[in-house]
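Everything on this sheet refers to the single structure shown next.
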There are 2 protein chains.
Amino acid sequence: MTERREEILSLAADMFAERGFGSTTVREIADGAGILSGSLYHHFDSKESMIEEILSTFLDEFAAKAQAVVEEGGDPPEVLQKLVTLAFAAVAEDATAVAVMQNEVGFLLQFPRFAFLRKRADEAEHLWVGVLESGVKSGAFRRDLEPRLAYRFIRDAIWITVRWYRPGGRRTIDEIRDSYLAMLLDGITADRRRGGPAARARPSPPRRRRRG
Amino acid sequence: MTERREEILSLAADMFAERGFGSTTVREIADGAGILSGSLYHHFDSKESMIEEILSTFLDEFAAKAQAVVEEGGDPPEVLQKLVTLAFAAVAEDATAVAVMQNEVGFLLQFPRFAFLRKRADEAEHLWVGVLESGVKSGAFRRDLEPRLAYRFIRDAIWITVRWYRPGGRRTIDEIRDSYLAMLLDGITADRRRGGPAARARPSPPRRRRRG
DNA sequence: GTCTATATTGAGATAGAC
DNA sequence: GTCTATCTCAATATAGAC
(Lines give C-alpha, C1' and ligand atoms only; values in the text may rest on other atoms or scores of the structure.)
Protein backbone atom coordinates (compact mmCIF):
# COMPACT_ATOMS: atom_id res chain seq x y z
CA MET A 1 0.00 0.00 0.00
CA THR A 2 2.10 2.84 1.26
CA GLU A 3 5.40 3.76 -0.31
CA ARG A 4 7.22 3.31 2.96
CA ARG A 5 6.02 -0.22 3.23
CA GLU A 6 7.31 -1.12 -0.24
CA GLU A 7 10.61 0.50 0.60
CA ILE A 8 11.04 -1.59 3.73
CA LEU A 9 9.96 -4.75 1.97
CA SER A 10 12.49 -4.20 -0.79
CA LEU A 11 15.20 -3.63 1.78
CA ALA A 12 14.21 -6.79 3.62
CA ALA A 13 14.34 -8.74 0.36
CA ASP A 14 17.90 -7.54 -0.24
CA MET A 15 18.92 -8.66 3.21
CA PHE A 16 17.14 -12.01 3.01
CA ALA A 17 18.85 -12.63 -0.32
CA GLU A 18 22.28 -11.77 0.96
CA ARG A 19 22.39 -13.20 4.48
CA GLY A 20 19.54 -15.64 4.42
CA PHE A 21 16.12 -15.28 6.04
CA GLY A 22 17.05 -16.94 9.29
CA SER A 23 20.18 -14.89 9.75
CA THR A 24 18.54 -11.57 9.09
CA THR A 25 17.12 -10.01 12.23
CA VAL A 26 14.22 -7.62 12.43
CA ARG A 27 16.58 -5.21 14.14
CA GLU A 28 18.87 -5.23 11.12
CA ILE A 29 15.97 -4.57 8.80
CA ALA A 30 14.80 -1.75 11.03
CA ASP A 31 18.32 -0.31 11.19
CA GLY A 32 18.50 -0.34 7.42
CA ALA A 33 15.19 1.47 7.24
CA GLY A 34 16.32 4.00 9.83
CA ILE A 35 13.71 3.07 12.41
CA LEU A 36 13.58 0.90 15.52
CA SER A 37 12.62 -2.73 15.41
CA GLY A 38 9.31 -2.25 17.16
CA SER A 39 8.21 0.19 14.49
CA LEU A 40 8.41 -2.51 11.86
CA TYR A 41 5.33 -4.07 13.37
CA HIS A 42 3.27 -1.11 12.36
CA HIS A 43 3.85 -2.22 8.74
CA PHE A 44 4.06 -5.99 9.05
CA ASP A 45 2.62 -8.68 11.25
CA SER A 46 5.84 -10.61 11.49
CA LYS A 47 9.12 -11.38 9.80
CA GLU A 48 7.46 -14.37 8.17
CA SER A 49 4.78 -12.22 6.61
CA MET A 50 7.52 -10.17 4.96
CA ILE A 51 9.08 -13.11 3.16
CA GLU A 52 5.65 -14.45 2.31
CA GLU A 53 4.74 -11.21 0.59
CA ILE A 54 8.07 -11.03 -1.24
CA LEU A 55 7.69 -14.53 -2.63
CA SER A 56 3.98 -14.51 -3.38
CA THR A 57 4.20 -11.20 -5.21
CA PHE A 58 7.03 -12.46 -7.37
CA LEU A 59 5.46 -15.84 -8.05
CA ASP A 60 2.07 -14.38 -8.92
CA GLU A 61 3.64 -12.14 -11.52
CA PHE A 62 5.90 -14.80 -12.94
CA ALA A 63 3.11 -17.35 -13.21
CA ALA A 64 0.96 -14.85 -15.10
CA LYS A 65 3.74 -14.07 -17.57
CA ALA A 66 4.54 -17.73 -18.15
CA GLN A 67 0.89 -18.52 -18.69
CA ALA A 68 0.64 -15.68 -21.20
CA VAL A 69 3.64 -16.98 -23.14
CA VAL A 70 2.11 -20.41 -23.50
CA GLU A 71 -1.27 -19.00 -24.47
CA GLU A 72 0.39 -16.93 -27.18
CA GLY A 73 1.11 -20.20 -28.95
CA GLY A 74 3.88 -21.09 -31.37
CA ASP A 75 5.78 -24.26 -31.99
CA PRO A 76 7.28 -25.95 -28.93
CA PRO A 77 10.92 -24.88 -29.42
CA GLU A 78 9.74 -21.33 -29.84
CA VAL A 79 7.58 -21.40 -26.72
CA LEU A 80 10.35 -23.08 -24.75
CA GLN A 81 12.80 -20.37 -25.75
CA LYS A 82 10.34 -17.72 -24.67
CA LEU A 83 9.90 -19.39 -21.29
CA VAL A 84 13.65 -19.66 -20.85
CA THR A 85 14.01 -16.01 -21.76
CA LEU A 86 11.32 -15.09 -19.27
CA ALA A 87 13.06 -16.98 -16.48
CA PHE A 88 16.46 -15.46 -17.18
CA ALA A 89 14.85 -12.04 -17.28
CA ALA A 90 13.45 -12.70 -13.81
CA VAL A 91 16.90 -13.67 -12.58
CA ALA A 92 18.16 -10.31 -13.74
CA GLU A 93 15.21 -8.15 -12.79
CA ASP A 94 13.92 -9.81 -9.64
CA ALA A 95 17.23 -11.16 -8.46
CA THR A 96 16.47 -10.79 -4.78
CA ALA A 97 13.14 -12.58 -4.94
CA VAL A 98 14.65 -15.38 -7.02
CA ALA A 99 17.57 -15.71 -4.62
CA VAL A 100 15.31 -15.82 -1.59
CA MET A 101 13.16 -18.42 -3.28
CA GLN A 102 16.13 -20.60 -4.21
CA ASN A 103 17.73 -20.36 -0.80
CA GLU A 104 14.72 -20.63 1.48
CA VAL A 105 12.13 -22.72 -0.30
CA GLY A 106 13.25 -25.97 1.32
CA PHE A 107 12.99 -24.50 4.77
CA LEU A 108 9.75 -22.61 4.19
CA LEU A 109 7.91 -25.60 2.76
CA GLN A 110 7.92 -27.09 6.25
CA PHE A 111 5.23 -24.62 7.24
CA PRO A 112 1.61 -24.78 6.05
CA ARG A 113 1.64 -21.06 5.50
CA PHE A 114 4.01 -21.49 2.58
CA ALA A 115 2.12 -24.27 0.83
CA PHE A 116 1.54 -21.81 -2.01
CA LEU A 117 5.19 -22.32 -2.96
CA ARG A 118 4.52 -25.94 -3.78
CA LYS A 119 1.34 -25.05 -5.60
CA ARG A 120 3.20 -22.58 -7.80
CA ALA A 121 5.98 -25.09 -8.40
CA ASP A 122 3.47 -27.72 -9.50
CA GLU A 123 1.74 -25.28 -11.83
CA ALA A 124 5.04 -24.32 -13.41
CA GLU A 125 6.05 -27.94 -13.85
CA HIS A 126 2.77 -28.67 -15.56
CA LEU A 127 3.23 -25.75 -17.92
CA TRP A 128 6.82 -26.46 -18.94
CA VAL A 129 6.40 -30.22 -19.14
CA GLY A 130 3.44 -29.65 -21.42
CA VAL A 131 5.61 -27.67 -23.81
CA LEU A 132 8.34 -30.30 -23.75
CA GLU A 133 5.82 -33.09 -24.38
CA SER A 134 4.35 -31.20 -27.32
CA GLY A 135 7.83 -30.86 -28.74
CA VAL A 136 8.48 -34.56 -28.47
CA LYS A 137 5.19 -35.32 -30.17
CA SER A 138 5.78 -32.79 -32.93
CA GLY A 139 9.19 -34.27 -33.61
CA ALA A 140 11.04 -31.10 -32.67
CA PHE A 141 12.59 -32.65 -29.58
CA ARG A 142 14.26 -36.04 -29.25
CA ARG A 143 11.93 -38.98 -29.00
CA ASP A 144 13.78 -40.30 -25.98
CA LEU A 145 13.59 -37.03 -24.05
CA GLU A 146 11.99 -37.42 -20.66
CA PRO A 147 10.01 -34.22 -20.16
CA ARG A 148 9.79 -34.29 -16.38
CA LEU A 149 13.46 -34.98 -15.94
CA ALA A 150 14.42 -32.46 -18.60
CA TYR A 151 12.21 -29.85 -16.97
CA ARG A 152 13.95 -30.21 -13.63
CA PHE A 153 17.36 -29.82 -15.18
CA ILE A 154 16.26 -26.76 -17.14
CA ARG A 155 14.48 -25.16 -14.20
CA ASP A 156 17.34 -25.64 -11.77
CA ALA A 157 20.07 -24.58 -14.20
CA ILE A 158 18.27 -21.31 -14.89
CA TRP A 159 17.13 -20.28 -11.42
CA ILE A 160 20.42 -21.15 -9.78
CA THR A 161 22.29 -18.70 -12.00
CA VAL A 162 21.06 -16.12 -9.51
CA ARG A 163 23.93 -17.31 -7.30
CA TRP A 164 26.59 -16.10 -9.69
CA TYR A 165 25.02 -13.71 -12.19
CA ARG A 166 25.92 -10.14 -11.36
CA PRO A 167 24.50 -7.14 -13.22
CA GLY A 168 27.37 -5.25 -14.76
CA GLY A 169 29.57 -8.35 -14.67
CA ARG A 170 31.37 -10.00 -17.57
CA ARG A 171 28.22 -11.41 -19.13
CA THR A 172 24.88 -9.82 -19.73
CA ILE A 173 21.85 -11.89 -18.91
CA ASP A 174 21.14 -12.16 -22.64
CA GLU A 175 24.56 -13.64 -23.28
CA ILE A 176 24.10 -16.12 -20.47
CA ARG A 177 20.68 -17.07 -21.77
CA ASP A 178 21.94 -17.57 -25.33
CA SER A 179 24.83 -19.66 -24.13
CA TYR A 180 22.47 -21.80 -22.11
CA LEU A 181 19.97 -22.16 -24.94
CA ALA A 182 22.72 -23.29 -27.30
CA MET A 183 23.74 -26.00 -24.84
CA LEU A 184 20.18 -27.01 -24.15
CA LEU A 185 19.05 -27.25 -27.75
CA ASP A 186 22.16 -28.62 -29.42
CA GLY A 187 24.45 -29.86 -26.67
CA ILE A 188 28.14 -29.23 -26.27
CA THR A 189 29.33 -31.83 -28.77
CA ALA A 190 30.83 -30.39 -31.95
CA ASP A 191 28.36 -30.48 -34.78
CA ARG A 192 29.86 -32.16 -37.81
CA ARG A 193 27.03 -30.94 -40.02
CA ARG A 194 28.33 -27.40 -39.72
CA GLY A 195 29.36 -26.09 -43.13
CA GLY A 196 27.09 -28.57 -44.86
CA PRO A 197 23.65 -27.78 -46.24
CA ALA A 198 21.16 -26.25 -43.87
CA ALA A 199 20.11 -29.54 -42.40
CA ARG A 200 18.02 -28.12 -39.66
CA ALA A 201 15.01 -25.90 -39.57
CA ARG A 202 14.69 -24.18 -36.25
CA PRO A 203 13.05 -20.83 -35.63
CA SER A 204 15.46 -18.13 -34.49
CA PRO A 205 18.39 -20.38 -33.68
CA PRO A 206 20.18 -18.99 -30.65
CA ARG A 207 23.85 -18.68 -31.35
CA ARG A 208 26.47 -17.38 -28.99
CA ARG A 209 28.18 -14.35 -30.34
CA ARG A 210 31.93 -14.74 -30.41
CA ARG A 211 33.84 -13.60 -27.38
CA GLY A 212 36.00 -10.51 -27.36
CA MET B 1 38.05 -40.50 16.06
CA THR B 2 35.56 -42.27 18.26
CA GLU B 3 32.60 -44.09 16.82
CA ARG B 4 30.22 -42.06 18.93
CA ARG B 5 31.57 -38.87 17.47
CA GLU B 6 31.02 -40.08 13.89
CA GLU B 7 27.53 -41.16 14.81
CA ILE B 8 26.63 -37.76 16.16
CA LEU B 9 28.22 -35.99 13.20
CA SER B 10 26.25 -38.10 10.77
CA LEU B 11 23.06 -37.34 12.66
CA ALA B 12 23.85 -33.64 12.64
CA ALA B 13 24.47 -33.78 8.89
CA ASP B 14 21.04 -35.32 8.35
CA MET B 15 19.42 -32.56 10.38
CA PHE B 16 21.39 -29.76 8.74
CA ALA B 17 20.41 -31.15 5.35
CA GLU B 18 16.75 -31.37 6.21
CA ARG B 19 16.05 -28.27 8.29
CA GLY B 20 19.01 -26.09 7.46
CA PHE B 21 22.01 -25.31 9.63
CA GLY B 22 20.56 -22.21 11.22
CA SER B 23 17.27 -23.86 12.09
CA THR B 24 18.81 -26.93 13.66
CA THR B 25 19.51 -26.45 17.36
CA VAL B 26 22.17 -28.21 19.37
CA ARG B 27 19.39 -29.42 21.62
CA GLU B 28 17.74 -31.18 18.70
CA ILE B 29 21.01 -32.81 17.73
CA ALA B 30 21.56 -33.89 21.32
CA ASP B 31 18.00 -35.21 21.54
CA GLY B 32 18.57 -37.24 18.41
CA ALA B 33 21.75 -38.67 19.91
CA GLY B 34 19.96 -39.43 23.16
CA ILE B 35 22.07 -37.10 25.29
CA LEU B 36 21.71 -33.58 26.69
CA SER B 37 22.88 -30.54 24.80
CA GLY B 38 25.76 -29.80 27.14
CA SER B 39 27.21 -33.23 26.51
CA LEU B 40 27.68 -32.42 22.84
CA TYR B 41 30.49 -30.10 23.80
CA HIS B 42 32.54 -33.01 24.99
CA HIS B 43 32.73 -34.08 21.32
CA PHE B 44 32.68 -30.78 19.46
CA ASP B 45 33.82 -27.24 20.09
CA SER B 46 30.73 -25.70 18.61
CA LYS B 47 27.90 -26.15 16.16
CA GLU B 48 30.02 -24.43 13.54
CA SER B 49 32.82 -26.93 13.95
CA MET B 50 30.34 -29.69 13.17
CA ILE B 51 29.32 -28.29 9.81
CA GLU B 52 32.93 -27.43 9.04
CA GLU B 53 33.96 -31.03 9.58
CA ILE B 54 31.04 -32.36 7.54
CA LEU B 55 31.88 -30.17 4.57
CA SER B 56 35.67 -30.37 4.66
CA THR B 57 35.61 -34.15 4.91
CA PHE B 58 33.31 -34.42 1.93
CA LEU B 59 35.18 -31.86 -0.17
CA ASP B 60 38.58 -33.37 0.55
CA GLU B 61 37.40 -36.74 -0.66
CA PHE B 62 35.62 -35.42 -3.69
CA ALA B 63 38.54 -33.27 -4.77
CA ALA B 64 40.88 -36.26 -4.55
CA LYS B 65 38.56 -38.40 -6.67
CA ALA B 66 38.10 -35.70 -9.29
CA GLN B 67 41.83 -35.12 -9.48
CA ALA B 68 42.38 -38.84 -9.97
CA VAL B 69 39.87 -38.97 -12.81
CA VAL B 70 41.64 -36.21 -14.68
CA GLU B 71 45.06 -37.72 -14.09
CA GLU B 72 43.83 -41.02 -15.50
CA GLY B 73 43.63 -39.27 -18.83
CA GLY B 74 41.42 -40.01 -21.82
CA ASP B 75 39.86 -37.76 -24.41
CA PRO B 76 37.89 -34.79 -23.09
CA PRO B 77 34.38 -36.15 -23.61
CA GLU B 78 35.41 -39.30 -21.82
CA VAL B 79 36.94 -37.42 -18.90
CA LEU B 80 33.94 -35.11 -18.71
CA GLN B 81 31.58 -38.05 -18.52
CA LYS B 82 33.64 -39.56 -15.74
CA LEU B 83 33.52 -36.31 -13.80
CA VAL B 84 29.78 -36.05 -14.29
CA THR B 85 29.40 -39.63 -13.12
CA LEU B 86 31.51 -38.89 -10.07
CA ALA B 87 29.39 -35.91 -9.14
CA PHE B 88 26.10 -37.74 -9.53
CA ALA B 89 27.50 -40.58 -7.45
CA ALA B 90 28.25 -38.06 -4.71
CA VAL B 91 24.68 -36.78 -4.89
CA ALA B 92 23.49 -40.31 -4.25
CA GLU B 93 26.07 -41.44 -1.73
CA ASP B 94 26.82 -38.26 0.19
CA ALA B 95 23.43 -36.68 -0.21
CA THR B 96 23.46 -34.95 3.15
CA ALA B 97 26.87 -33.35 2.69
CA VAL B 98 25.94 -32.21 -0.82
CA ALA B 99 22.64 -30.81 0.41
CA VAL B 100 24.28 -28.94 3.26
CA MET B 101 26.86 -27.55 0.87
CA GLN B 102 24.25 -26.39 -1.63
CA ASN B 103 22.02 -24.85 0.99
CA GLU B 104 24.53 -23.21 3.29
CA VAL B 105 27.54 -22.27 1.18
CA GLY B 106 26.32 -18.75 0.55
CA PHE B 107 25.82 -18.10 4.22
CA LEU B 108 29.01 -19.80 5.39
CA LEU B 109 31.26 -17.96 2.96
CA GLN B 110 30.64 -14.83 5.00
CA PHE B 111 32.97 -16.20 7.66
CA PRO B 112 36.76 -16.50 7.29
CA ARG B 113 36.61 -19.93 8.84
CA PHE B 114 34.87 -21.27 5.77
CA ALA B 115 37.21 -19.79 3.19
CA PHE B 116 38.19 -23.36 2.29
CA LEU B 117 34.83 -23.65 0.55
CA ARG B 118 35.83 -21.01 -1.95
CA LYS B 119 39.25 -22.58 -2.38
CA ARG B 120 37.72 -25.94 -3.18
CA ALA B 121 35.25 -24.32 -5.56
CA ASP B 122 38.06 -22.57 -7.41
CA GLU B 123 40.05 -25.78 -7.67
CA ALA B 124 37.07 -27.63 -9.07
CA GLU B 125 36.36 -24.89 -11.59
CA HIS B 126 39.95 -25.01 -12.77
CA LEU B 127 39.77 -28.76 -13.21
CA TRP B 128 36.49 -28.92 -15.11
CA VAL B 129 37.16 -25.86 -17.23
CA GLY B 130 40.47 -27.41 -18.23
CA VAL B 131 38.67 -30.48 -19.52
CA LEU B 132 36.14 -28.39 -21.42
CA GLU B 133 38.88 -26.25 -22.97
CA SER B 134 40.77 -29.34 -24.08
CA GLY B 135 37.64 -30.62 -25.71
CA VAL B 136 37.13 -27.39 -27.61
CA LYS B 137 40.73 -27.48 -28.81
CA SER B 138 40.52 -31.13 -29.79
CA GLY B 139 37.39 -30.45 -31.80
CA ALA B 140 35.24 -32.70 -29.66
CA PHE B 141 33.20 -29.81 -28.28
CA ARG B 142 31.69 -26.89 -30.16
CA ARG B 143 34.09 -24.14 -31.11
CA ASP B 144 31.78 -21.50 -29.69
CA LEU B 145 31.42 -23.21 -26.30
CA GLU B 146 32.37 -20.96 -23.42
CA PRO B 147 34.04 -23.26 -20.91
CA ARG B 148 33.54 -21.14 -17.81
CA LEU B 149 29.90 -20.53 -18.52
CA ALA B 150 29.33 -24.13 -19.52
CA TYR B 151 31.03 -25.33 -16.35
CA ARG B 152 28.72 -23.32 -14.14
CA PHE B 153 25.64 -24.66 -15.85
CA ILE B 154 26.93 -28.22 -15.58
CA ARG B 155 28.02 -27.89 -11.98
CA ASP B 156 24.79 -26.32 -10.80
CA ALA B 157 22.52 -28.68 -12.71
CA ILE B 158 24.23 -31.70 -11.17
CA TRP B 159 24.61 -30.61 -7.54
CA ILE B 160 21.14 -29.19 -7.30
CA THR B 161 19.59 -32.55 -8.16
CA VAL B 162 20.17 -33.30 -4.48
CA ARG B 163 17.02 -31.27 -3.87
CA TRP B 164 14.78 -33.72 -5.68
CA TYR B 165 16.66 -36.98 -6.13
CA ARG B 166 15.40 -39.60 -3.68
CA PRO B 167 16.99 -43.03 -3.29
CA GLY B 168 14.38 -45.62 -4.07
CA GLY B 169 12.38 -43.10 -6.10
CA ARG B 170 11.26 -43.39 -9.71
CA ARG B 171 14.71 -42.86 -11.18
CA THR B 172 18.01 -44.33 -10.16
CA ILE B 173 20.95 -41.97 -10.04
CA ASP B 174 22.36 -43.73 -13.11
CA GLU B 175 19.22 -43.03 -15.08
CA ILE B 176 19.27 -39.41 -14.04
CA ARG B 177 22.92 -39.12 -14.96
CA ASP B 178 22.39 -40.70 -18.39
CA SER B 179 19.45 -38.46 -19.09
CA TYR B 180 21.50 -35.44 -18.15
CA LEU B 181 24.51 -36.52 -20.20
CA ALA B 182 22.32 -37.01 -23.26
CA MET B 183 21.01 -33.46 -22.91
CA LEU B 184 24.43 -32.04 -22.21
CA LEU B 185 26.22 -33.72 -25.07
CA ASP B 186 23.57 -33.65 -27.77
CA GLY B 187 20.88 -31.26 -26.63
CA ILE B 188 17.16 -31.77 -26.67
CA THR B 189 16.60 -31.01 -30.34
CA ALA B 190 15.65 -34.01 -32.46
CA ASP B 191 18.59 -35.31 -34.42
CA ARG B 192 17.73 -35.67 -38.07
CA ARG B 193 20.81 -37.78 -38.73
CA ARG B 194 19.23 -40.61 -36.77
CA GLY B 195 18.75 -43.60 -39.04
CA GLY B 196 21.41 -42.30 -41.40
CA PRO B 197 25.01 -43.41 -41.47
CA ALA B 198 26.93 -43.31 -38.23
CA ALA B 199 27.91 -39.71 -38.58
CA ARG B 200 29.37 -39.30 -35.19
CA ALA B 201 32.23 -40.96 -33.36
CA ARG B 202 31.80 -40.56 -29.63
CA PRO B 203 33.13 -42.91 -26.98
CA SER B 204 30.42 -44.73 -25.03
CA PRO B 205 27.51 -42.55 -26.13
CA PRO B 206 25.11 -42.26 -23.20
CA ARG B 207 21.61 -43.13 -24.26
CA ARG B 208 18.54 -43.04 -22.11
CA ARG B 209 16.92 -46.39 -21.89
CA ARG B 210 13.27 -46.31 -22.92
CA ARG B 211 10.78 -45.68 -20.22
CA GLY B 212 8.49 -48.35 -18.84
C1' DG C 1 31.10 -39.59 28.34
C1' DT C 2 27.10 -37.79 30.29
C1' DC C 3 24.31 -35.00 33.51
C1' DT C 4 22.92 -30.94 36.35
C1' DA C 5 22.55 -26.39 36.39
C1' DT C 6 23.09 -22.13 34.59
C1' DA C 7 25.41 -18.10 32.36
C1' DT C 8 24.80 -15.15 28.54
C1' DT C 9 23.09 -13.40 24.64
C1' DG C 10 19.98 -12.19 21.21
C1' DA C 11 15.89 -13.19 18.92
C1' DG C 12 10.72 -11.90 17.62
C1' DA C 13 7.13 -9.51 19.28
C1' DT C 14 3.98 -6.23 22.18
C1' DA C 15 1.82 -1.98 24.60
C1' DG C 16 1.21 2.45 24.90
C1' DA C 17 3.14 7.26 24.69
C1' DC C 18 4.03 10.78 21.34
C1' DG D 1 4.46 6.28 11.73
C1' DT D 2 7.89 6.02 15.09
C1' DC D 3 9.83 5.59 19.77
C1' DT D 4 10.42 3.87 24.54
C1' DA D 5 10.50 0.16 27.15
C1' DT D 6 10.12 -4.39 27.88
C1' DC D 7 8.30 -9.23 27.73
C1' DT D 8 9.19 -13.83 26.67
C1' DC D 9 11.49 -17.31 24.91
C1' DA D 10 15.05 -20.00 23.01
C1' DA D 11 19.56 -20.25 21.48
C1' DT D 12 24.80 -21.48 22.17
C1' DA D 13 27.88 -22.47 25.36
C1' DT D 14 30.20 -23.33 30.06
C1' DA D 15 31.57 -25.42 34.76
C1' DG D 16 31.89 -28.90 37.58
C1' DA D 17 29.79 -33.14 39.66
C1' DC D 18 29.33 -38.04 38.71
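Note that the structure is a prediction, hence the values are computed from the model and not measured. Numbered from 1 within each chain, the chains take letters A, B, ... in sequence-line order.
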Would you kindly give the [atom1]-to-[atom2] distance between [X] and [N], to the nearest whole Å?
X: Asp31(A); N: dG12(C); atom1: CG; atom2: C1'; answer: 15 Å
X: Arg27(A); N: dG10(C); atom1: CZ; atom2: P; answer: 10 Å
X: Arg19(A); N: dG10(C); atom1: CZ; atom2: C1'; answer: 15 Å
X: Asp45(B); N: dA15(D); atom1: CG; atom2: P; answer: 13 Å
X: Met50(A); N: dA13(C); atom1: CE; atom2: P; answer: 8 Å

Inset, instruction - Assign Thr24(B) to base, sugar-phosphate, or nothing according to its heavy-atom contacts below 4.0 angstrom with the strands shown. - result: sugar-phosphate
Inset, instruction - Taking only the side-chain nitrogens and oxygens of Tyr41(A), find out if one of them lies under 4.0 Å from OP1 or OP2 of dA13(C). - result: yes
Inset, instruction - For Asp31(A), enumerate each residue passing the salt bridge (Lys or Arg N to Asp or Glu O under 4.0 Å) test, keeping only those at least two apart in sequence or located in another chain. - result: none
Legend entry - Test salt bridge (Lys or Arg N to Asp or Glu O under 4.0 Å) applied to Lys82(B) - qualifying residues, sequence neighbours left out: Glu72(B)
Nucleotide N/O of nucleotides 1-3 of chain C paired with protein N/O under 3.5 Å:
from: dG1(C); atom 1: OP2; to: His42(B); atom 2: NE2; distance (Å): 3.1
from: dT2(C); atom 1: OP1; to: Arg4(B); atom 2: NE; distance (Å): 3.0
from: dT2(C); atom 1: OP2; to: His43(B); atom 2: NE2; distance (Å): 2.9
from: dC3(C); atom 1: OP2; to: Leu36(B); atom 2: N; distance (Å): 2.7
from: dC3(C); atom 1: OP2; to: Ser39(B); atom 2: OG; distance (Å): 3.3

Inset, instruction - Please list, chain by chain and in numerical order, all residues satisfying ring-ring contact (aromatic ring centres under 6.0 Å, His included) with Phe114(A), sequence neighbours excluded. - result: none
Inset, instruction - Return each pair, listed once, that meets salt bridge (charged side-chain N to carboxylate O under 4.0 Å, His left out) where at least one residue sits in residues 32-48 of chain A; pairs must be two or more places apart or across chains. - result: Glu48(A)-Arg113(A)
Inset, instruction - Applying ring-ring contact (aromatic ring centres under 6.0 Å, His included) between Trp159(A) and each of Phe153(A), Phe62(A), Phe88(A), report the one that passes. - result: Phe62(A)
Legend entry - Nearest-nucleotide pick for Thr25(B), side chain only, options being dG12(C), dA13(C), dA11(D): dA11(D)
Inset, instruction - For residues 4-43 of chain B, pull every pair meeting ring-ring contact (aromatic ring centres under 6.0 Å, His included), keeping only residues two or more places apart or in separate chains. - result: Phe16(B)-Phe21(B)
